[in-house]
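In what follows, a structure is listed as C-alpha cells, so that the remarks can point back to it.
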Amino acid sequence: MNSKFQSKLPEVGTTIFSKMSALAHQYGALNLAQGFPDYDTDPDLIDLVHTYMNVGFNQYALMSGVLSLREKIAEKVWNTHQVHVDINDEITVTAGGTQAIFTVIATVVNQGDEVLIFEPAYDCYAPTVKLFGGKVIPVSLLAPNFAIDWDYVKSLVNAKTKLIIINNPNNPTGRQFQQADIDALTAIVTSSDAFVLSDEVYEHIVFDGRAPISLVACPVLRERSFVIASFGKLFHVTGWKVGYCIAPLELTREFRKIHQYNVFSVNGAVQMAIAKYLENSNRYLNLNNFFEEKRNYLVKGIANSRFTVLPSEGTYFINIDYRAISSEHDLIFAERLVVENKVALIPISAFYTSNLDQYILRICFAKRTETLTQAIDLLNNI
C-alpha cells in the first residue's frame, strides 16, 4: 500500500458478526450469531415486488421516498402512537436502518463533538462517530438488567455533547425503555444542546404485554430527535435494506442534504410493495406475538441447561450467562462452542469499546422452529 495512505478507521477490522458467521461456515455449525431470519418472506410481499417491477417502477424513486410509502409510514406511526408526522417534511426513506444512522451522525457530528453511546451497543455507532471526527463517550450498562444510571449520564453531558444515541428496544440486551428512562432523557436534553438518535428498528418486537415506545410520542424529545426504523426487521427482509428516518422539518432538511449525496434514493419497486403491504396494519401490530412464541419456545427448551437465561423484553435476541460452565473470556468460549459443539453465538464483549467480559453470549431466535429445536439440543448438551 502507498505509504502516504492513512486509514480513517485504523482500529476497525472485520465485525464480530462476520467472524462468527465465517467460523460457523468453516466448521458446519448452526449459525445463531448473525441477526437474520432463516424462514421465508411472505410470498404476498414477494409477489408485490414482482408486480411493481413489471409495471415499470425500475428507475430512480423520489429522494425522500415514494409518496405512498411515506403516507403508510405516517399511518403506521398514528396507529401505533397516535402521533401525526408530516409526510413531506418529516419522513425520509433510507437504504436500511444503518444508512439512516450513518446519515444522522454525518449530519450532526463535527470535529471534537462528543457522542454518548450506551453499551453494549450496535457496532456501527462508534466507528461512524469517529469517522466524522467525534469522540465516543461510552456508558457501560451491566448485566443482568442493563439499567441506566441517569445521574451518571447527566454528569457526562457538557458543552461538547452533540448527540446521544439510544437503541430501544436494545440490541443486544433486549431491554426496553420505561417511562422513567424517557423522563430522564427528556430532562437531560432540555438542559443541554444535545440531539438524540433513537434507533428503533425493533420497535414492534416487544413482549409480555409491553407496547411499543418511540420518541415520536414525546413532544419535547421529538423536536430534538432523529428516529430510525427498519422494514428489514419488521418484515423479515433484512437484505432489502429499506428503512426510514423521522425528524422535525429543520433536522430533516439537513439530513436530506447528506442523504441525497449518499444513496439519493431507495429501490422504487420495493418501496411500492412495502407501501401496499402496510395496508394490513396487523402485519406489524401483531408482530410481537410471532416473536414472543419463538422466544418462549427457546427459553423453555434450555431452562434445564447449564446456561442462565437473562430477561428479554424485546428484539429477537436472548442472552445466556455461561459462568456455570466456564471462566473463559466470552470470545474464546464462543469460538470453542463453534469448533467443539457446532453452534455459533455472539460474545457480548464485542458490543463494548472496553471489551467488557460478563460471561454472556447472544442468541438470535428469529429462526424456524426446526432451527430452534436443533439449537435447544445443542445447548442442552454443553
Side-chain angles (χ1 to χ4, degrees), residues 6-21 33-35 94-143 146 148-149 152-153 155-158 160-175 177 185 188-189 192 194-202 225-228 230 243 245 255 258 262 315 317 319 329-331 334 346-358 360 362:
Q6 183 175 355
S7 173
K8 291 186 176 182
L9 295 171
E11 299 175 359
V12 173
T14 305
T15 70
I16 189 64
F17 309 105
S18 296
K19 287 179 180 177
M20 297 309 296
S21 291
Q34 203 159 358
T94 62
T98 301
Q99 185 253 318
I101 291 165
F102 183 95
T103 304
V104 170
I105 295 171
T107 300
V108 172
V109 176
N110 296 304
Q111 188 73 35
D113 287 341
E114 294 184 356
V115 179
L116 269 62
I117 297 177
F118 297 96
E119 296 183 338
Y122 181 48
D123 67 342
C124 83
Y125 303 154
T128 310
V129 169
K130 294 175 184 177
L131 184 63
F132 290 99
K135 179 181 180 182
V136 174
I137 308 297
V139 180
S140 295
L141 309 181
L142 302 178
F146 301 100
I148 299 173
D149 180 346
Y152 174 65
V153 175
S155 74
L156 297 175
V157 176
N158 57 59
K160 293 183 179 180
T161 306
K162 193 65 171 291
L163 185 65
I164 299 172
I165 300 179
I166 67 171
N167 178 203
N168 179 47
N170 177 268
N171 167 26
T173 70
R175 182 181 185 272
F177 264 40
L185 179 60
I188 289 172
V189 170
S192 72
F195 296 96
V196 179
L197 190 168
S198 185
D199 179 353
E200 301 178 8
V201 299
Y202 298 101
S225 299
F226 299 84
V227 173
I228 307 303
S230 167
C245 174
F255 178 92
I258 307 294
N262 187 353
T315 76
F317 305 106
N319 292 289
H329 188 280
D330 61 1
L331 177 58
I346 292 289
I348 291 297
S349 67
F351 295 88
Y352 290 89
T353 53
S354 65
N355 291 315
L356 176 64
D357 181 18
Q358 300 180 79
I360 297 171
R362 190 196 76 173

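Note that the structure is predicted; figures quoted are calculated from it, not measured.
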Taking atom types as modelled and ignoring hydrogens, do the side chains of Gln358 and Tyr352 form a donor-acceptor contact shorter than 3.5 angstrom? yes
May I have the step-by-step check of side-chain contact (heavy atoms from CB on, under 4.5 Å) for Ile101 and Cys124, ending in yes or no? CA-CA 8 Å; Ile101 291 165; Cys124 83; 3.9 Å; yes
Checking side-chain contact (heavy atoms from CB on, under 4.5 Å) for the pair Val139/Glu119: CA distance, chi angles, key distance, verdict? CA-CA 6 Å; Val139 180; Glu119 296 183 338; over 6 Å; no
Please find the pair of heavy atoms, one from Gln34 and one from Ser21, that lie closest to each other, and give the distance. OE1-OG, 2.8 Å
What's the verdict on side chain to side chain donor-acceptor pair (under 3.5 Å) for Ser18 and Thr15, showing C-alpha distance, side-chain angles and the deciding distance? CA-CA 5 Å; Ser18 296; Thr15 70; 3.3 Å; yes
Regarding Thr98 and Tyr122, do their side chains bring together a donor and an acceptor under 3.5 Å, going by distance alone? yes
How close do Ser7 and Pro10 get, heavy atom to heavy atom, and via which atoms? OG-N, 3.3 Å
Determine whether Ile228 and Val104 make a side-chain contact, defined as any pair of heavy atoms from C-beta on separated by less than 4.5 Å. yes
With no hydrogens and no angle check, is any side-chain donor or acceptor of Asn167 less than 3.5 Å from a backbone partner on Pro169? yes
Partner set under side chain to side chain donor-acceptor pair (under 3.5 Å) for Ser192, not counting sequence neighbours: none
Check: Val108 main-chain N/O paired with Lys162 side-chain donor or acceptor under 3.5 Å: yes
Shortest non-hydrogen contact from Ala33 to Arg362? O-NH2, 2.7 Å
side-chain contact (heavy atoms from CB on, under 4.5 Å) assessment of Ile137 paired with Ile117: CA-CA 6 Å; Ile137 308 297; Ile117 297 177; over 6 Å; no
Rounded at 0.5 Å granularity, tell me how far OG1 in Thr161 sits from CD in Glu114. 5.0 Å
Flag side-chain contact, heavy atom, 4.5 Å: Phe132 against Ile105: yes
Is Asn158 reaching over with its side chain to a backbone N or O of Lys160, donor-acceptor style, under 3.5 angstrom? yes
Residue pair Thr14 / Lys19: nearest heavy atoms and the distance that separates them: O-CE, 3.4 Å
What distance separates Asp123 CG from Thr353 OG1, expressed to the nearest 0.5 Å? 12.5 Å
Should Pro172 and Ile348 count as side-chain neighbours, where that means a heavy-atom distance under 4.5 Å? yes
Are Phe351 and Ile346 close enough that some pair of their side-chain heavy atoms sits under 4.5 Å apart? yes
Find the distance between OG (Ser225) and CG (Leu163) and round it off to the nearest 0.5 Å. 9.5 Å
Assess whether ring pair (Phe, Tyr, Trp, His ring centres under 6.0 Å) is satisfied between Phe177 and Phe118, documenting all intermediate values. CA-CA 12 Å; Phe177 264 40; Phe118 297 96; 7.1 Å; no
Can Asn171 and Thr315 be counted as having a side-chain donor-acceptor contact under 3.5 angstrom? no
Rounded to the nearest 0.5 angstrom, the OG1-CD1 distance for Thr103 and Ile258 is 7.5 Å
Can you spot which of Leu185, Asp199, Leu116 makes a side-chain contact (heavy atoms from CB on, under 4.5 Å) with Ile166? Leu185
Keeping Thr173 on the side-chain end and Arg175 on the backbone end, is there a donor-acceptor pair under 3.5 Å? yes
Side-chain touch Pro347/Ile16, heavy atoms, less than 4.5 angstrom: yes
Should the pair Phe226 and Phe255 be assigned to parallel (<30°), tilted (30 to 60°) or perpendicular (>60°) ring geometry? tilted
Let's go through Asn355 and Ser349 carefully: what are the C-alpha distance in whole Å and the side-chain angles of both, what is the deciding distance for side chain to side chain donor-acceptor pair (under 3.5 Å) to 0.1 Å, and is it a yes or a no? CA-CA 5 Å; Asn355 291 315; Ser349 67; 4.9 Å; no
Close side-chain approach of Ile360 to Asp330, heavy-atom, < 4.5 Å: no
Hey, does Lys135 have a side-chain heavy atom less than 4.5 Å from the side chain of Val115? no
Val153 and Ile188: side-chain contact (heavy atoms from CB on, under 4.5 Å), yes or no, with the steps? CA-CA 8 Å; Val153 175; Ile188 289 172; 3.8 Å; yes
Distance in Å, Thr94 OG1 paired with Asn262 CG, rounded so as to fall on 0.5 Å steps: 10.0 Å
